[in-house]
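Data block below; observations after.
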Amino acid sequence: MTDTIAPEKNSPPGGEPTEAELARARKEHIGRYVAMILLPFVMVSMMITGYLAAMHSPAPNNMPIAVAGSMQQAGEFARAIEDADPDAVDVRVVATDAEARDLVLAREVAGAVSLSDGNAATVYTAGAAGASQSSMVSGMLAPQVLGQGLALTVDDLAPLPENDTAGLAAMFMATALMLAGYMPLSIMLSNSPELLRVRRVVPLLAGWSALIAALVWFVAGPILGAIEGNTATVLGICWVSVFAVGSVQLFLTRILGPMAVLVGMLFLMVLGVPASNMGMSVHALPSLYATLHGFLPTAAAGESLRSVLYFGGDGLGGHLLVLVVGAVLALAATVGVDALKRRRNPDAGDPEVTLPSLTAGPRPTSDRVRYVTLAFFPLGMVVMMLSVMLGAMYQPTPRDMPVTVVAATTEQAEQVVAGLEQNMSGLFELRASDSIDDARADVQDRTVVAAYVLPSATSPTATLITNEAAGMSQQQVVTTIFGQVAAGSQMPLTTENLAPLPGSDSMGTVTLYVAMGWIMSGFMLVVVAGSAQPAAMRLRRLLPIAAGWAVFMSAVIWVIADPIVGAVDGHFLPLFGTGIVAIFATSMFTAVPARLFGLLAVLPAVGILMFLGVPASNGAMSMYMTPEIFKFLHGVLPMPAAVESVRSILYFGGDAVGGHLLTLAIWGAVSLLCVVAIDAVRARKEPAKQEIDA
């Protein structure tokens, strides 16, 4: 690898390049360095700004609600809901209970209230239309019902099936389909542009779509069991989704070239994921996302799958129409652009190859090998995303979640623990204690998830001590289950939340998105450098670039999170310093597989940093609700270390940052040593190779 400026191929006889050629080569050399910095900066900034702005503090926003009952009673109830928060709801009054139910099942409203019985009310939700939306509807409407002195019943008209209790199957399947649709086209443009001719790419895209459709169905269905039935329809939806996204991305590559990857990421991931209505209701996000939900492909694919999996195909046609129309228009536009280019320049050939090899070796001499390698890259990404992330999170269940039971004496607490373990075997790791102060301290420092304090002579009620900032999902689990325990024992229960989340992070996901920004920054720098400017991969150049990049991007991510989005309040110095360590360590780690595998290093790097790291992070979901392996990975991977560092800084005074910084530093130091060793081995082999060639 060299950073000298090579003469152009058409240099005059004698091999001496002209001054103009040298100037052009210097400009290209500098331009590659600029691209190496600019591209990851735009990608990371776009992703983190988009996700934080959309989802750091979801709240009802023009959420459609139906109210059924007599005109007078329904009208009064509707006005009461609107008066409580006019911007939160969009209320419609309907005549009958049946009409309200139909609107919920058709997903035309997020929820409904039926006042058909004068002294009672029923709140209708549809968990399969979105678990977060269902709980938000119940949380918003239940206080209004109870406040009017009515008996409350909550009826989930479409509960999620037992094989997908989190409702994540459709979301991860749709995300995998989007990835498979837009990623190959951008790589083809740089590596094998001859495949992008319309007569070749359309049949290739059709076959690729069929392969991905079968793969996504096979992993989500027969392997994981996250979906059941509707095989032919699911395969068809998957095929149309990949083909439509690939067709649009083909058009984008025609008009934008390599920059098409940024546009694809913007509309499919940055805007597409929040607008999909899969992980979070679009009626809990800024109003822009409800509009985008109507025509972006991520939403169309996700809602198509949801319609078939949970609602008997109701509403499928409209979402499929979005995908079909998009594919037809994109292919027609591509043909038109090609015709226009041929008219202007009949002798124009394929675009220049800018990424000769996806591996660390030279460009394969065999086209077949090159094409297989090209397909292997996105195929591996899709398999890892579905098998690891969906497999880890689609059935969240408490597993040995640590909870302390506190009583007047240790013996009494042990008796209660023994009784609870008979009914909740495997769900909790119950510990007995006779000290409320010790239990409260353990909850505060996250040693245990909660403490269940039994009634005593001085306190006639049971108390559940929780820690919301330590993880909302685990707090919800212990609140629900121990609420049932107290009710079964006919004991009143009060809840004490030691660290409530602020309004700027109402779901507790800011820690994950900030950490994700750090990890993506370190990873993207090395990946882009390896293809855009290989000269920068020499260690003596990479070290100062990575260090400067870490300082710059750590500051950028804080600016995005605090003054721009408002998801974070202050804490600049500790977040800035920790971010530098996390970004630099991730860069060093990514440099190891990049030395060995070239661009294919994305597969092991993303697999470890993201696909294993996110489920193990204790950010999106409690590590006590994922398979056992992720509890171990939580203590060793960079992503959990970054997430827990942010959590400790924001909500716990930095109490645990030191240990997590050590984890990140070890990853960085060991990775750096590996890079040095790889370079040393290659340096020794190079003279031997030159002697053999001579």
Side-chain angles (χ1 to χ4, degrees), residues 1-9 11 17-48 186-187 189-191 256-263 265 351-360 362-363 517-557 559 579-580 583-595 597-602 605 668 671-672 675-676 678-679 682:
M1 191 178 298
T2 178
D3 53 354
T4 58
I5 301 174
E8 295 192 359
K9 295 178 182 178
S11 298
T18 66
E19 189 64 32
E21 290 170 342
L22 286 173
R24 192 157 49 246
R26 281 193 294 268
K27 288 181 180 179
E28 180 182 350
H29 191 64
I30 295 171
R32 286 178 173 271
Y33 273 107
V34 172
M36 183 189 82
I37 298 298
L38 186 61
L39 189 61
F41 167 72
V42 173
M43 294 178 76
V44 174
S45 300
M46 186 171 61
M47 183 75 76
I48 300 308
S186 298
I187 304 174
L189 180 65
S190 302
N191 178 260
L256 298 175
M259 293 299 103
V261 67
L262 293 178
V263 179
M265 178 178 288
E352 181 184 357
V353 173
T354 58
L355 185 64
S357 176
L358 300 184
T359 69
R363 184 175 177 84
W518 294 343
I519 299 299
M520 285 182 61
S521 296
F523 159 75
M524 288 301 304
L525 174 74
V526 175
V527 169
V528 175
S531 55
Q533 181 53 293
M537 292 295 289
R538 297 182 66 176
L539 191 58
R540 64 182 179 83
R541 288 188 176 273
L542 182 61
L543 283 175
I545 290 173
W549 171 255
V551 172
F552 171 66
M553 283 307 297
S554 184
V556 166
I557 291 168
V559 169
I580 292 172
I583 295 170
F584 185 80
T586 306
S587 295
M588 292 300 101
F589 165 71
T590 309
V592 176
R595 286 286 200 277
F597 309 118
L599 187 63
L600 292 181
V602 170
S671 299
L672 178 58
V675 171
V676 171
I678 292 170
D679 288 352
R682 287 183 172 177

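Since this is a predicted model, take the numbers as computed values, not measurements.
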Q: Kindly write out the residues that satisfy side-chain contact (heavy atoms from CB on, under 4.5 Å) with Leu543, not counting sequence neighbours, or none if the list is empty.
A: Leu539, Phe584, Met588, Leu672

Nearest 0.5 angstrom please: [X] [atom1] to [Y] [atom2], how far?
X: Arg363; Y: Leu358; atom1: CZ; atom2: CG; value: 9.0 Å
X: Leu355; Y: Asn191; atom1: CG; atom2: CG; value: 5.5 Å
X: Leu38; Y: Met43; atom1: CG; atom2: CE; value: 11.5 Å
X: Ile545; Y: Ser587; atom1: CD1; atom2: OG; value: 10.5 Å
X: Met265; Y: Met46; atom1: CE; atom2: CE; value: 5.5 Å
X: Thr354; Y: Arg32; atom1: OG1; atom2: CZ; value: 7.0 Å

Side chain [X], main chain [Y], donor-acceptor under 3.5 Å:
X: Trp549; Y: Ser521; result: yes
X: Arg595; Y: Met537; result: yes
X: Ser45; Y: Val42; result: no

Closest heavy-atom pair and its distance - [X], [Y]:
X: Leu189; Y: Pro351; answer: CD1-CG, 4.0 Å
X: Thr359; Y: Pro362; answer: OG1-O, 4.5 Å
X: Ala591; Y: Leu542; answer: CB-CD2, 4.0 Å
X: Val526; Y: Ala594; answer: CG1-CB, 4.0 Å
X: Gly579; Y: Trp518; answer: CA-CE2, 3.3 Å

Q) What residues, two or more places apart in sequence or in another chain, satisfy ring-ring contact (aromatic ring centres under 6.0 Å, His included) together with Phe589? A) Trp667

Q: Mind checking ring-ring contact (aromatic ring centres under 6.0 Å, His included) for Phe41 and listing every partner two or more places apart, or none if nothing turns up?
A: Phe552

Q. Does Leu525 reach the side chain of Thr586, with side-chain heavy atoms less than 4.5 Å apart?
A. no

Q. If we only count heavy atoms from C-beta on, is the Val602 to Phe523 side-chain gap below 4.5 Å?
A. yes

